[in-house]
Amino acid sequence: MSKVTDESGIMQAIIQERYGSAEVLEFRAVKKPTPQPDEVLIKVHAAGVDRGTWHLMEGKPYLLRIFGYGLRRPKVTIPGHDVAGIVEAVGTEVTKFNVGDVVFGTCRGSFAEYAVSKAPLLALMPAKLTFDQAAALPTSGVTALKALRDAGKLVSGQSVLIIGASGGVGSLAVQIATAAGAQVTGVCSTRGLELVRSLGAESVIDYTQQNIGEAAGYDLILDIAGGRSLSELRRALKSSGTLVIVGTESGGNLTGGIGRSLRAALLSPWLSQRLTGLIAFNTEPALQAISELVENGAIVPSVERSYPLAEASEAVRHLAEGRTLGKVVVSVVRGVNHGMSRTVEVIPERGIL
Ligand SMILES: NC(=O)c1ccc[n+]([C@@H]2O[C@H](COP(=O)([O-])OP(=O)(O)OC[C@H]3O[C@@H](n4cnc5c(N)ncnc54)[C@H](OP(=O)(O)O)[C@@H]3O)[C@@H](O)[C@H]2O)c1
């Protein structure tokens, strides 16, 4: 298949032409993308599956559609952001990478054999990682780092409560906080306890058995899952502590729970505690910092399962169930035809961001 791909300018990809559940993801043949002068063409080896990809598949919260992702249907027809692969071609303005470089980072449309990205959104892939491990890192790793370091202003010796510790962001946050010298308590359900302990948490709270407030007095709380009320979270925080609201999947279809972050921002100036939200974008320095943490042995991405490209919809379905242990990834195995022939309809690339 790679021969067909290379010679014909056609590649295999997951296509999404409408919003909806995982059924909207189709395995099809499309035109291979061409890099713009400031872009890099990546031969994708693995793609990470993150909550953002799932939100863009569903078109929810609806606020996303108003923010330019497409009112009635997605503007970007190939899902997936996180990528690990090999540089296939570079635009005329790109000086940072050469053909053959092994890279990881974020791009548009990573659920495909090839994807394009801007050079600052990529970094050289740490040599000790597999492609699957590297693809699990960019979005979740950058979010965990920014939540702890920038929003949380974590310093060594502080006590940190990480709620949602067994998921994509949480499993990396536990490792980054531990490496920074924090005393980490992870919150997850029973099935995640062993994983969270193995990642370095000093103690774990099984939220199906125990309330987080029963072990109060943290310097920093990362609220990554569960959508607990501000009052419940504040009760578990020191009077001088910081709450960073990273996300929740229980915030409703319209705004996705942004109201809680807004309330926190409005309330914070009147409190001794600091309450803040987070919108983490991938940046070159953040990706570089993640690379260094990998090279130092501080973080190892925890990949629960890898799915072949043709089964990407299963990977997203698994994530949507909300019970992921660490990360799931999509692996692009070349030379596999998956029953696809040269006569398949080739749909044109449309409306990429
Ligand atoms: N602010 C940003 O810039 C940013 C960036 C990336 C992601 N996010 C958001 O962050 C959230 C988490 O993302 P993710 O990739 O880590 O998702 P994920 O991989 O699905 O992990 C979420 C984890 O939370 C656990 N969980 C569910 N309910 C819980 C509860 N009541 N209390 C404690 N833990 C609970 C789940 O496992 P168990 O139930 O088995 O414990 C799951 O492992 C999402 O809402 C995502 O949209 C925000």
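All of these numbers come straight from a predicted model, not from anything done at the bench. Just so you know, ligand 1 is whichever comes first in the structure, and atom 1 is the first atom listed for that ligand. Because only heavy atoms are used, hydrogens play no part in the values below, and waters and symmetry mates are left out as well, while side chains stay in.
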Close approach of Thr324 to ligand 1, heavy atoms, under 4.0 angstrom: yes
Sub-3.5 Å N/O-N/O distance, Arg51 and ligand 1: yes
Minimum heavy-atom distance between Gly168 and Lys327, given as atom pair plus value: CA-CD, 3.5 Å
Heavy-atom proximity to atom 23 (C) of ligand 1, best of Gly167, Gly168, Gly52: Gly167
Heavy-atom side-chain contact between Asp82 and Leu137 under 4.5 Å: no
Numbered atoms and elements of ligand 1 in range of Arg228, under 4.0 angstrom, heavy atoms: 30 (C), 31 (N), 32 (N), 33 (C)
Nearest option to atom 41 (O) of ligand 1, as decided by whichever heavy atom of Ala320, Ser189, Ala165 sits closest: Ser189
Charged N-O contact under 4.0 Å between Arg18 and Glu26: no
Part of Thr143 within contact of ligand 1 (heavy atoms, under 4.0 Å): side chain
Residue from Val316, Leu56, Val24, Leu25 passing side chain to side chain contact (heavy atoms under 4.5 Å, CB included) with Pro79: Leu25
Atoms in ligand 1 with a heavy atom of Cys188 nearer than 4.0 Å: 41 (O)
Which of the ligand 1 atoms, numbered from 1, are nearer than 4.0 Å to a heavy atom of Gly164: 24 (O), 33 (C), 34 (N)
Close approach of Ser166 to ligand 1, heavy atoms, under 4.0 angstrom: yes
Option set Leu278, Leu319, Asn282, Val244, criterion heavy-atom distance to atom 2 (C) of ligand 1, minimum: Leu278
Ligand-side contact atoms (ligand 1) for residue partner Gly247, heavy atom cut-off under 4.0 Å: 9 (C), 10 (O), 45 (O)
contact_flag Lys327 ligand 1 heavy-atom lt 4.0 Å: no
Side-chain ion pair, Arg317 and Glu314, N-O less than 4.0 Å: yes
For Ile279, atoms of ligand 1 separated by under 4.0 Å from a heavy atom: 3 (O)
Glu304 side chain vs Leu325 backbone, donor-acceptor pair below 3.5 Å: yes
Lys96 and Glu284 ion-paired at < 4.0 Å: yes
Leu193 reachable from Val160 in the ILVMFWY side-chain graph, under 4.5 Å edges: yes
Heavy-atom check, side chain of Phe104 versus side chain of Val83, under 4.5 Å: no
Taking every non-hydrogen atom, the tightest pair across Arg228 and Leu233: O-CD1, 3.6 Å
Sub-4.0 Å heavy-atom approach of Lys146 to ligand 1: no
Proximal candidate to atom 42 (C) of ligand 1 [heavy atom criterion; set Gly326, Ala173, Gly48, Gly322]: Gly322
